[in-house]
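Structure first, commentary second.
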Amino acid sequence: MTLAAQIRLAAEDALKHLFPETEIPAGTITVNQTKPEFKGDYTIVLFPFLKLLRTKPDVLGNQLGNYFLEKTDLFTEFQIVSGFLNLTVRDNYWSSFLQNHFNDPHFGEKPKHDHRVMVEYSSPNTNKPLHFGHLRNIFLGYAVGEILKANGQQVVKANLVNDRGIHICKSMIAWQRYANGATPESLNTKGDHLVGDYYVKFNDAYKAEVSGLVSEGMDETVAEKEAPIMKEAQEMLRKWEANDPETKKLWETMNGWVYEGFHISYQRLGVDFDKWYYESDTYLLGKTIVEEGLRKGVLFKKEDGSVWIDLTDEGLDQKLLLRADGTSVYITQDLGTAKLKFNDYKLNQSLYVIGDEQNYHMQVLKLILKKLGEPCADGIYHLSYGMVELPTGRMKSREGTVVDADDMMDEMIALAKEQTEQAGKTEGFTQEELDKLYETIGMGALKFYLLRVDPKKKMIFDPKESIDLHGFTATFIQYAHARICSILRKEGCPLKPDSTKFQSLVLSQPLAPAEKMLALIIEQYPSILETAAQEYNPSAMCNYSFQLAQQFNSFYDEHSISKAENEEKKQFRLLLIIMTASVLRHAMNLCGIRLPEKM
RNA sequence: GGCCCGGUAGUUCAAUGGAUAGAAUAGGAGUUUCCUAAACUCUAGAUACAAGUUCGAUUCUUGUCCGGGCUACCA
């Protein structure tokens, strides 16, 4: 149990003893870290109890404080400052805490339990390569999955590939028209980029045909429907749905190219999936659910035969579920897929990492399932995140302002190389080690940059200046970690040392503020990890890791480890930095960020 | 029009209803005979506006203003 939780329990216990008549409502006990300008380590806020217990802050503070000193072994003293009870934690608490946990590479994790959750993320279309906006989704989904795992949940990471539809047909048509049989091999291109290029070519040709028709006097909206290339694409989609062998073959070939490209990108991004769903398998699902809904009277049929649900009670509109011709729409297949997921894995919960422009869609999806009485409805959670925008606004493929994901990775790694060389830190590395280091630094910076912000907030990305390797970055944390490793190497102390070595440590001298603060921050890690899981928020891990690295740097500057004042101090500080490194590694690893031992 | 989300230093981000609103970066001033200066120390700078609830509001409620998203028989 974390110290803050222990203090909360102790306070609860004290209040029960001191005021047996009064019931203290849950949640009224607030325990905070003491502000640096006051003496003490943790603070209990007294205000909420004053009215309830009809007492004064000084009186209550003294009662509580004395009770703690008498009944627990946690504190050495307390101060009362205007309604706040500031508690000073016994130094030996920190040393024994470190001795108990420094050797545990899983510090902060929770035991496994049988809560099954699926995290669906990435879910790309197969008509174009991944871009910068997708990266936020991918890192977020991966990190949330890992964070939930560390909290003991059974996680299935899933990718639902949108592999069919008119957009894919557009690429196929353009390829047929213009490619002359070109393949990724013949052009020496990544397959996803090749297919994306023909998607762009389609749009160019389409635009040209429309403006041609307009100049011949056709109305623009009519021209948009009548352009031959668009009609070809629609015809191709019909053939696909009719299982035309030739169309299917081309579709399989081109999708195959895209998957090869995606797999390279995913591997480089360091993310993985336990389950792949393909829309070509799932797009017909959902119709049976609709039929059942009709039988139950939850849905209704209009005169033309189309099927609807009325959500006006919930402040929403009526929503179409089946067209008049009986074909399904987007949300119909989502209903089916939602149920499929729960059946496949007996899930308790199903997370969808999807951009916030689909908030309404996801709300409707959940609501419909609820109205249909599907048990999976309650487990559905939309992990909504804000768009990544450029200073000039949204990225638009039509305007060519999309930042390609592969390019972005290359640029970051190049930046890492440049900065490392500039700082003259390449000595003592082989070329192979250097390349690995640049990748670690570049990818780390990219991931941290996208994860450090609260997911639900939209973020602005300025390709020219946004990404820095100084300040609130992964590099800062990586550097602190490398420094620790360097010290440990020189001290002949392995990263995961023998736990018997430090067992005899007893403090005879008071801890310096920088030492104590570092231990205090480390001790909070389990509660940070828990909160990050509850809120599905990896930015908590980033903020925390940065704070920890920052405190380490201050400590490092002020106190020497190798030349500590005496052996006792040296032992304590070694424990401190071993655990600092271990927690940093753990926290960043959950975000997919690696920390080098040397940089 | 309706619904949803956001508005905090010049900029990018923090702050379970708690003390004098924290960082980073850009700006100013310093630190290297000593474990990695990709670091450290000091300095200056912000809650859009107005009411309300509260001992206490960046946080909760309402209204106004600004920005974004959604509101398809597209996926």
Side-chain angles (χ1 to χ4, degrees), chain A residues 27 30-32 34-38 43 45-48 50-51 57 81-84 86 125 127 162 164-168 279 283 302 304 306-308 314-317 319-325 327-331 333-334 355-361 363-364 384 386-387 389 393-394 416 419-420 422-423 425 441 449 452-454 456-462 465-466 468-473 475-476 478-480 482-491 527 531 534-535 539-540 542-543 546-547 549-550 552-564 573 577 598-599:
Chain A
T30 308
V31 177
N32 291 330
T34 304
K35 299 263 169 203
E37 53 269 35
F38 300 99
T43 296
V45 186
L46 299 174
F47 292 112
L50 301 182
K51 211 182 244 177
V81 186
S82 62
F84 297 91
N86 297 334
N125 291 355
N127 63 324
N162 186 0
R164 51 138 252 133
I166 189 73
H167 44 289
I168 284 98
E279 219 179 89
Y283 82 109
K302 286 197 176 170
D304 62 0
S306 57
V307 179
W308 297 72
E314 320 287 334
L316 305 173
D317 300 325
K319 191 89 191 166
L320 177 91
L321 296 184
L322 279 184
R323 295 189 184 102
D325 62 7
T327 55
S328 45
V329 290
Y330 184 47
I331 200 153
Q333 53 176 297
D334 271 4
D356 62 6
E357 77 274 13
Q358 297 216 36
N359 283 355
Y360 180 75
H361 175 82
Q363 193 191 352
V364 169
S384 167
M387 293 283 103
E389 293 180 7
R394 286 178 79 165
Q419 303 257 322
T420 306
Q422 221 169 59
K425 302 221 174 196
I441 295 172
Y449 180 80
R452 66 184 192 180
V453 183
D454 184 339
K456 68 171 176 288
K457 292 199 178 179
K458 71 173 182 203
M459 55 185 296
I460 294 166
F461 167 66
D462 186 340
E465 19 187 291
S466 280
D468 196 345
L469 301 184
H470 302 273
F472 186 28
T473 63
T475 316
F476 184 94
Q478 289 169 328
Y479 182 62
R483 274 176 144 182
I484 293 174
C485 293
S486 169
I487 298 168
L488 295 177
R489 270 196 302 275
K490 288 187 177 154
E491 289 299 317
S527 74
T531 311
Q534 278 163 358
E535 296 173 358
S539 78
C542 296
N543 282 308
F546 180 69
Q547 190 200 355
Q550 216 174 18
F552 165 76
N553 279 332
S554 297
F555 158 80
Y556 172 89
D557 201 61
E558 205 174 326
H559 304 287
S560 174
I561 289 111
S562 63
K563 292 182 184 159
R573 287 176 191 166
I577 65 168
K598 216 166 90 177
M599 70 186 275

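Throughout, a chain's letter reflects where its sequence line sits, starting with A, and its residues are numbered from 1.
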Residue matched to [N] through Watson-Crick or wobble contacts both under 3.5 angstrom:
N	result
B/C34	none
B/C49	B/G63
B/C13	B/G22
B/C3	B/G69
B/C42	B/G28

Expected rows: protein N/O vs nucleotides 3-12 of chain B N/O, under 3.5 Å:
residue	atom	partner	partner atom	Å
B/G7	OP1	A/Lys457	NZ	3.4

Taking C-beta and beyond as the side chain, do A/Ser562 and A/Ile487 meet within less than 4.5 Å on heavy atoms?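 With C-beta onward as the side chain, the pair stays apart.
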
Looking across every strand, which nucleic acid part, if any, lies under 4.0 Å from [X] by heavy atom: base, sugar-phosphate, or nothing?
X	value
A/Lys51	sugar-phosphate
A/Gln422	nothing
A/Asp317	sugar-phosphate
A/His167	sugar-phosphate
A/Asp454	sugar-phosphate
A/Thr420	base
A/Ser82	nothing
A/Phe476	sugar-phosphate
A/Asn86	base
A/Thr43	base
A/Phe546	sugar-phosphate

Per [X] side chain, nearest of listed nucleotides [options]:
X	options	result
A/Glu357	B/G69, B/A19, B/U36	B/G69
A/Ser486	B/G18, B/A24, B/C35	B/C35
A/Gln550	B/A19, B/C40, B/U25	B/C40

Measuring to OP1 and OP2 of [N], would you say a side-chain N or O of [X] lies under 4.0 angstrom away?
X	N	result
A/His470	B/A39	yes
A/Asn543	B/A14	no
A/Arg323	B/C74	yes
A/Thr473	B/A38	no
A/Lys35	B/U20	no
A/Lys490	B/U36	yes

If we require ring centres under 5.5 Å and near-parallel planes under 30°, does A/Tyr479 stack on B/A39?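 No, the aromatic ring of A/Tyr479 does not stack with the base.
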
Stacked pair A/Phe472-B/A23, distance under 5.5 Å, angle under 30°: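 Aromatic stack with B/A23 absent for A/Phe472.
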
If you pin A/Val45 and A/Arg489 to their nearest nucleotides in RNA chain B, which one's is more 5'?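 Result of the comparison: A/Val45.
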
Return the 5'-most residue of the pair A/Ala416, A/Val81 with respect to RNA chain B, ranking by each residue's nearest nucleotide.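 The residue mapped nearer the 5' terminus is A/Val81.
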
Grab the [atom1]-[atom2] distance between [X] and [N] for me, whole Å please.
X	N	atom1	atom2	value
A/Gln547	B/A14	CD	P	15 Å
A/Phe38	B/G18	CZ	C1'	11 Å
A/Leu488	B/U36	CG	C1'	13 Å
A/Tyr283	B/A75	OH	P	12 Å
A/Asn553	B/A39	CG	P	8 Å
A/Glu558	B/C40	CD	P	13 Å
A/Ile168	B/C74	CD1	C1'	13 Å
A/Tyr330	B/C74	OH	C1'	11 Å

Check the pair A/Thr43 / A/Asn32 against side chain to side chain donor-acceptor pair (under 3.5 Å), numbers first and verdict last. CA-CA 5 Å; A/Thr43 296; A/Asn32 291 330; over 6 Å; no

Please report the distance separating the [atom1] of [N] from the corresponding atom of [M], rounded so that it comes out in whole Å.
N	M	atom1	answer
B/U62	B/A26	C1'	39 Å
B/C49	B/U58	P	11 Å
B/A46	B/G10	C1'	11 Å
B/C3	B/G63	P	10 Å
B/A23	B/A44	C1'	15 Å
B/G30	B/G68	P	44 Å
B/G6	B/C42	C1'	35 Å

Take A/Met387 and A/Met459 through the side chain to side chain contact (heavy atoms under 4.5 Å, CB included) test and state the conclusion after the steps. CA-CA 6 Å; A/Met387 293 283 103; A/Met459 55 185 296; over 6 Å; no

Candidates A/Lys457, A/Arg452, A/Lys456 - the one meeting side chain to side chain donor-acceptor pair (under 3.5 Å) with A/Asp454: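 One option only clears the test, and that one is A/Lys456.
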
Is a donor-acceptor pair below 3.5 Å formed from side chain A/Lys598 to base B/U36, judging by atom type as modelled?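 Checked by distance alone, the answer is no.
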
Taking the basic N atoms (NZ, or NE/NH1/NH2) and the acidic carboxylate oxygens, is any pair closer than 4.0 Å for A/Lys302 and A/Asp304?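 Here A/Lys302 does not pair with A/Asp304 in a salt bridge, since their nearest N and O are not under 4.0 Å apart.
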
Could you tell me whether A/Phe84 and A/Phe38 have their ring centroids closer than 6.0 angstrom?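 Centroid separation for A/Phe84 and A/Phe38: 6.0 Å or greater.
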
Tell me, with the steps shown, if A/Ile441 and A/Leu469 meet side chain to side chain contact (heavy atoms under 4.5 Å, CB included). CA-CA 9 Å; A/Ile441 295 172; A/Leu469 301 184; 4.3 Å; yes

Answer yes or no: is there a donor N or O on one side and an acceptor on the other, between the side chain of [X] and the main chain of [Y], under 3.5 Å?
X	Y	value
A/Asn543	A/Ser539	yes
A/Asp325	A/Thr327	yes
A/Ser486	A/Ala482	no

Taking atom CZ of A/Phe476 and atom CD of A/Gln550, what is their separation to the nearest 0.5 Å?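 Between atom CZ of A/Phe476 and atom CD of A/Gln550 there are 5.0 Å.
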
Show your reasoning for whether side chain to side chain contact (heavy atoms under 4.5 Å, CB included) applies to A/Thr475 and A/Met599. CA-CA 10 Å; A/Thr475 316; A/Met599 70 186 275; 3.9 Å; yes

